[in-house]
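Input: a single structure, listed below in structure tokens.
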Amino acid sequence: TQNVTGSVSISTGGENDIIKLGNDSKGLNRIFVPVTIDGGDGKDQLVIDDSTWSLAKTNGLLTAGTIFGLLNGVNANLLSDIDYYNIEILDIKLSRGDNGFEVESTAQGMMTSITAQDGNDQIYIQETQGNIQVEAGSGDDTFYIYGLGNSATASFYGNEGHDTIW
């Protein structure tokens, strides 16, 4: 059990920036504290990359400014994993396990991309205020779409496996 306290804050300033959380060997599994990211001015992209991690994360949740359930151990303290501000493009790459991920809301005008990997994933889209793109991995994935905001579009791309949209 890790006993880590504190937090990480990232502020990028006024240029166009790409901020990436996660690495090629452990995904997000070595991040044990909450992270706050302020993209500042410019067109900023936030990449949340858990694509190399093999275990499932079944309680992922995205809101218009917060991500829960993807970092290791943070949710046990009922804290948000990642708070983000002034981000125009959000790219979430889920782990290779059988994930559960819910999009409760997205920020107005923000482009959100979610990529499922090899597992049998379940992705729930409750509400978006910006465009969203979801790409299935090679597992048997299920997508539940409950609502899109005004002028928002949703694109879904299947892959190997039997994918279902409800």
Side-chain angles (χ1 to χ4, degrees), residues 10 12 15-24 27-29 31 35-71 80-166:
I10 300 168
T12 63
E15 300 296 322
N16 299 337
D17 301 296
I18 298 173
I19 305 108
K20 182 177 178 183
L21 294 182
N23 65 39
D24 293 337
L28 299 169
N29 203 47
I31 303 174
V35 178
T36 300
I37 299 166
D38 183 350
D41 294 332
K43 186 173 184 177
D44 301 300
Q45 179 179 3
L46 174 57
V47 179
I48 308 297
D49 190 352
D50 207 24
S51 62
T52 59
W53 190 243
S54 61
L55 299 179
K57 299 200 177 157
T58 59
N59 294 312
L61 175 67
L62 171 66
T63 70
T66 305
I67 300 170
F68 294 90
L70 296 184
L71 299 185
S80 60
D81 289 355
I82 303 162
D83 291 321
Y84 62 92
Y85 308 93
N86 300 312
I87 298 295
E88 287 71 36
I89 301 170
L90 177 61
D91 185 7
I92 299 173
K93 300 175 188 317
L94 299 175
S95 76
R96 295 190 321 249
D98 295 343
N99 296 293
F101 194 80
E102 178 178 348
V103 177
E104 183 177 284
S105 61
T106 62
Q108 186 168 357
M110 182 177 71
M111 174 62 195
T112 303
S113 174
I114 300 171
T115 305
Q117 305 301 323
D118 299 338
N120 299 324
D121 302 303
Q122 293 188 357
I123 299 176
Y124 301 83
I125 311 295
Q126 301 292 344
E127 181 71 28
T128 66
Q129 294 304 316
N131 296 334
I132 190 165
Q133 173 180 306
V134 181
E135 184 175 341
S138 61
D140 297 337
D141 302 309
T142 306
F143 307 106
Y144 300 89
I145 299 114
Y146 297 102
L148 296 174
N150 294 338
S151 301
T153 61
S155 302
F156 295 88
Y157 299 93
N159 208 325
E160 296 176 24
H162 299 289
D163 302 324
T164 306
I165 297 178
W166 292 93

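Counting begins at 1 with the first residue of the sequence.
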Are any side-chain N or O atoms of D81 and backbone N or O atoms of G69, one a donor and one an acceptor, separated by less than 3.5 Å? yes
Indicate yes or no: at least one non-hydrogen side-chain atom of L94 is less than 4.5 angstrom from one of I123. yes
One should read off an interatomic distance between T63 OG1 and Q126 CD, to the nearest 0.5 angstrom, of 12.5 Å
Would you find a donor on one side and an acceptor on the other, under 3.5 Å apart, between the side chain of T12 and the backbone of G39? yes
Nearest 0.5 angstrom please: R96 CZ to Q117 CD, how far? 8.0 Å
Residue list, side chain to side chain contact (heavy atoms under 4.5 Å, CB included) with S113, at least two apart or on another chain: D91, T115, Q133
Quick one: side-chain hydrogen bond (donor to acceptor under 3.5 Å, both in side chains) partners of S138, sequence neighbours excluded? D118
Enumerate the ring pair (Phe, Tyr, Trp, His ring centres under 6.0 Å) contacts for residues 41-61, please, sequence neighbours excluded, ordered by first and then second residue. none
Residue pairs involving residues 109-142 (criterion ring pair (Phe, Tyr, Trp, His ring centres under 6.0 Å); sequence neighbours excluded): Y124-Y144
Student check: side-chain heavy atoms of T106 and L62 closer than 4.5 Å: yes
Working note: I132 + I114, criterion side chain to side chain contact (heavy atoms under 4.5 Å, CB included); need CA distance, chi angles, decisive distance, verdict. CA-CA 8 Å; I132 190 165; I114 300 171; 4.1 Å; yes
Are any side-chain N or O atoms of T52 and backbone N or O atoms of G27, one a donor and one an acceptor, separated by less than 3.5 Å? yes
If you compare all heavy atoms of A152 against all heavy atoms of T128, which two are closest, and at what distance to 0.1 Å? CB-OG1, 3.6 Å
Any residue meeting side-chain hydrogen bond (donor to acceptor under 3.5 Å, both in side chains) with S95, in chain and number order, not counting sequence neighbours: N99
Quick one: are I87 and I37 in side-chain contact, heavy atoms under 4.5 Å? yes
4.5 Å side-chain heavy-atom contact, I82 and L21: yes
Please round to the nearest 0.5 Å and tell me the distance separating atom OG1 of T112 and atom CG of L90. 5.0 Å
Residue set satisfying side chain to side chain contact (heavy atoms under 4.5 Å, CB included) with T164, at least two apart, ordered chain then number -> T142, W166
N120 side chain to G139 backbone, donor-acceptor under 3.5 Å: no
For D41, enumerate each residue passing the side-chain hydrogen bond (donor to acceptor under 3.5 Å, both in side chains) test, keeping only those at least two apart in sequence or located in another chain. none
Note, I48 side chain near L46 side chain (heavy atom, < 4.5 Å): yes
What ring pair (Phe, Tyr, Trp, His ring centres under 6.0 Å) pairs are there with at least one residue in residues 81-116, not counting sequence neighbours? none
So which heavy atom on V47 is nearest to which on Q45, and how close? CG2-NE2, 3.7 Å
Could you state the interatomic distance from OG (S105) to CE (M110), rounded to the nearest 0.5 Å? 8.5 Å
Between E15 and D17, what is the shortest heavy-atom contact and its length? O-OD2, 2.9 Å
Would you say F156 and D163 make side-chain contact, with heavy atoms under 4.5 Å? no
May I have all residue pairs that pass salt bridge (charged side-chain N to carboxylate O under 4.0 Å, His left out) and include part of residues 143-159, sequence neighbours excluded? none
Count the heavy atoms of every other residue, nucleotide or ligand shown that sit under 6.0 Å from CD1 of I10, and state whether that count exceeds 12. yes
Which heavy atom of A64 sits nearest to which heavy atom of A107, and what is that distance? CB-N, 3.5 Å
T58: which residues meet the side-chain hydrogen bond (donor to acceptor under 3.5 Å, both in side chains) condition with it, sequence neighbours left out? none
Does any pair with a residue in residues 126-150 pass salt bridge (charged side-chain N to carboxylate O under 4.0 Å, His left out), and if so which ones, sequence neighbours excluded? none
Applying salt bridge (charged side-chain N to carboxylate O under 4.0 Å, His left out), which residue pairs with at least one partner in residues 43-61 are found, sequence neighbours left out? K20-D49, D50-K57
Taking K93's backbone N and O only, do any of them form a donor-acceptor pair with S51's side chain (distance below 3.5 Å, no angle check)? no
